[in-house]
Number of protein chains: 2
Amino acid sequence: MTGNTPDGPTAPPLDAGPRRSSPATLEDVARAAGVSLATASRSLNGSSRTVNADYRSKVLDAAARLNYSPNLSAQAVARGSTMTVALVVADITDPYFSSIAAGVVAEADQGRLIVTMAATERDSERELEIVRTLRGQRPKVIILAGSRREGDPSQAALKSELEDYERAGGRVVLISRNELGFRTVQIDNASGASALAASLVELGYRRFSVLTGNRELKTAADRLDGFTAELERAGIRVEADRVVQSAFTRDGGYEGMQTLIAAGLQPNEAVFAVNDVMAVGALSALRDAGLTPGADVAVAGFDDIPTVQDVWPTLTTVTVPLVEVGRTALRLALEDADAAAVSAGSPVATSVVVRDSTPRRA
Amino acid sequence: MTGNTPDGPTAPPLDAGPRRSSPATLEDVARAAGVSLATASRSLNGSSRTVNADYRSKVLDAAARLNYSPNLSAQAVARGSTMTVALVVADITDPYFSSIAAGVVAEADQGRLIVTMAATERDSERELEIVRTLRGQRPKVIILAGSRREGDPSQAALKSELEDYERAGGRVVLISRNELGFRTVQIDNASGASALAASLVELGYRRFSVLTGNRELKTAADRLDGFTAELERAGIRVEADRVVQSAFTRDGGYEGMQTLIAAGLQPNEAVFAVNDVMAVGALSALRDAGLTPGADVAVAGFDDIPTVQDVWPTLTTVTVPLVEVGRTALRLALEDADAAAVSAGSPVATSVVVRDSTPRRA
DNA sequence: CGCGTTCGAGAAAGCGCTTGCCGATCATCC
DNA sequence: GGATGATCGGCAAGCGCTTTCTCGAACGCG
């Protein structure tokens, strides 16, 4: 196509305009080094076969001189597999997901992997569609974070799609939702929430409300359950009408808190929002209603996203090492089946951090 | 390799274990539809050539039946170009960048493009390295957000790297830093900062400090300049020792404010942090020092990242439509040269939003 | 010194797809 | 009614790599 002369680099075309020079190919390198394509390939990617040191360094030199960089797509086609990790999140701007993404990206570039991103916008139809589209990419790994719902009609379709993908040699890792039967980075939602409940009780709280996300969201459900279970153990019941369900987002938290306020706040009440972004929304709702979070009503969240240390009052929450979760997800994907079976067993540890939003009650 | 029988789908291998079934290839589809490879290809990607409706629907049927999904790598190799957009940011967890990323991703999936992410961790050596690595991907577009510094030694290398890339047909878009001579999404930093200064003056402030990021960061410098320029126009000078330079991050803002506090705050002073994450850090520093932001000292930021509406006091800042900036970046990349020349001319508009962190001074 | 090995370079056959070209078919035109 | 296009399948040549296989050369051994 380029009609190279048999030796020497590509002759520049004669036409005017910005010369469009394609990057050097392996063939260019081989020719420049005076070796065959095969030898060039072997020298560059250190295959199982050894290459005479002389040739090897000739190739390396030529490659450097020509500024050669292997065409990843071509490699993928030839090898039959890519170096791509596909990360699917609900919402990139949500600190929960961006922290996880940061972990995945950090881990990926230690393994010369490329990560591609897609956002479901919290829509599971969309998630399914994205996973379907992903097939074309033939990624080595698919990491799914968030947005899965129990009993969702597209759940089954997703599952079979992912199974097909694994059958073709791909690896699926789910973050914090093991319902589908794939490798999972477990976050200990239930016991984290229990520990939080225990801390709040210890701080002197006796009346509770909870702002829960969409109830079918496994994560939300687990946190709610863990929380109430511990309270029950302490002999405290949280009234059904004090559990309000709203979107799993900042605005959801805001609205949920409004509902709670409208229904009437109790003295010395503590509100548990099942995640930090909701908790932050709740704080704002309180303030907009003229109340002082912390003093008038305590608020606690879950996740320990970076911003909660900068809101006022600083938020009591349950720490989840999100960046580490992202890294772990990728590592888990790369392990072979038996090792993965082991590591998938132990959920990542959470721990409660008490801050100003839940002052001790006398 | 798979040793298919000449007709019918791949025969299942006889060995045990989880059967590894590779995805259907175009050849499978063609065979199933009883047409040639060429016809199958043309029916599926509606090339310039038309194909008889009968054949076409046969192919489409077969493709659906076999759950065919084209191998993007193979397409890339055959076509000589990918559908990939490479996005490189400083830090994925920073809301500034994650908002931009969200915009890029949103725009990308309207164009069936794939976006890959990399993080420089605010290190320009690393940025250069990443861009170099990117070459292997042969992305259609490279979008660079943040982390470029003036007079950086690797600047020249980066530039030539990017030029090579454009010469090979790629498109580079820079976000908010046009120093390199590529397409740029301009953010009107200087005039946004000027407008902010004007608003603060109008609110009654007369003494100012600024928390600026690394001074070589073009964005930081422009904002600082715009701010002081407007103040000078109003006859106000900001003392050199009231301009403190620290990292362009939340922690940088925190430390910067500590420095300011140590040097002694003036009554009715307003502190301008050149971006919101720094401003948020500054708020926390104030509080940790026992001061009340807003009441004791006013604080303003820049960017209007989502969280600043949830901190207390809510932050006065300059709105930058970050998600839109991301979308624009990608659109700009896809336009042809002359159209791009036009659209690159107009910076995205910013506007100041006054919130509680800068109450009116009597 | 002859023979079996081993080593390692290179030719070539893919990988899954696109596309230029050829030629068969059929409608159209004077 | 024969020539002239236009239309559209299919063949096959790529795209830039990897990897199997072939085969010559170098080496070791008795």
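- B:Thr133 places a side-chain N or O within 3.5 Å of a backbone atom of B:Glu129 that can act as its donor or acceptor partner.
- Between A:Arg31 and A:Asp28 there is a salt bridge, with a side-chain nitrogen of the basic residue lying less than 4.0 Å from a carboxylate oxygen of the acidic one.
- With hydrogens and angles ignored, the 3.5 Å screen pairs no side-chain donor or acceptor of A:Arg112 with any backbone N or O of A:Asp109.
- Checked by atom type and distance alone, the side chain of A:Thr328 pairs as donor or acceptor with a backbone atom of A:Glu324 at under 3.5 Å.
- Rounded to whole angstrom, the span from the CZ atom of B:Arg31 across to the P atom of D:dC11 amounts to 13 Å.
- Within residues 76-83 of chain B, the residues approaching DNA chain D are B:Val77, B:Ala78, by heavy-atom distance under 4.0 Å.
- With rounding to whole Å, B:Gln75 atom CD is found 13 Å from D:dC15 atom C1'.
- With respect to B:Glu166 and B:Arg183, no salt bridge is recorded, no charged nitrogen being found less than 4.0 Å from a carboxylate O.
- Rounded to a whole Å, the CG atom of B:Asn71 is 17 Å from the P atom of D:dG16.
- Here the side chain of A:Arg171 pairs a donor or acceptor atom with the backbone of A:Glu335 at under 3.5 angstrom.
- Atom pair A:Asn45:CG and D:dG16:C1' shows a separation of 13 Å (rounding to whole Å applied).
- Remark: C1' of C:dG16 and CG of B:Leu26 are 8 Å apart, rounded to the nearest angstrom.
- With respect to the salt-bridge test (charged N to carboxylate O, under 4.0 angstrom), the residues B:Arg132 and B:Glu127 do not qualify.
- One atom, CZ of B:Arg138, and another, C1' of D:dC15, lie 12 Å apart when rounded to the nearest Å.
- With rounding to whole Å, A:Leu72 atom CG is found 12 Å from D:dG16 atom C1'.
- Distances shown here put every side-chain N or O of A:Thr25 at or beyond 4.0 Å from the OP1 or OP2 atom of D:dG16.
- Rounded to 10°, the angle separating the first-five-pair axis and the last-five-pair axis of the helix from C:dC1-D:dG30 to C:dC30-D:dG1 equals 40°.
- Residues B:Ile130 and B:Thr120 meet the side-chain proximity criterion, which asks for heavy atoms closer than 4.5 Å.
- Taking every heavy atom of both residues into account, B:Asp54 and B:Asn52 meet most closely at N-OD1, 2.7 Å.
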Give every pair of a protein N or O atom and an N or O atom of nucleotides 7-10 of chain D that lie under 3.5 Å apart, one pair per line with the distance.
residue : atom : partner : partner atom : Å
D:dC8   : OP2  : B:Thr50 : OG1          : 2.4
D:dG9   : OP1  : B:Asn52 : N            : 2.4
D:dG9   : N7   : B:Arg49 : NH2          : 2.4
D:dG9   : O6   : B:Arg49 : NH1          : 2.8
D:dG9   : O6   : B:Arg49 : NH2          : 2.9
D:dG10  : OP2  : B:Ser36 : N            : 2.9
D:dG10  : OP2  : B:Ser36 : OG           : 3.3
D:dG10  : OP2  : B:Thr39 : OG1          : 2.9
D:dG10  : N7   : B:Arg42 : NH2          : 2.7
D:dG10  : O6   : B:Arg42 : NH1          : 3.4
D:dG10  : O6   : B:Arg42 : NH2          : 2.7
D:dG10  : O6   : B:Arg49 : NH1          : 3.3

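- Side-chain atoms of A:Tyr55 never come within 3.5 Å of backbone atoms of A:Ala40 as a donor-acceptor pair (strictly under, hydrogens ignored).
- Within the 3.5 Å criterion, the main-chain N or O of B:Glu161 finds no donor-acceptor partner in the side chain of B:Asp164.
- Rounded to whole Å, the distance from CZ on B:Arg135 to P on D:dG16 is 14 Å.
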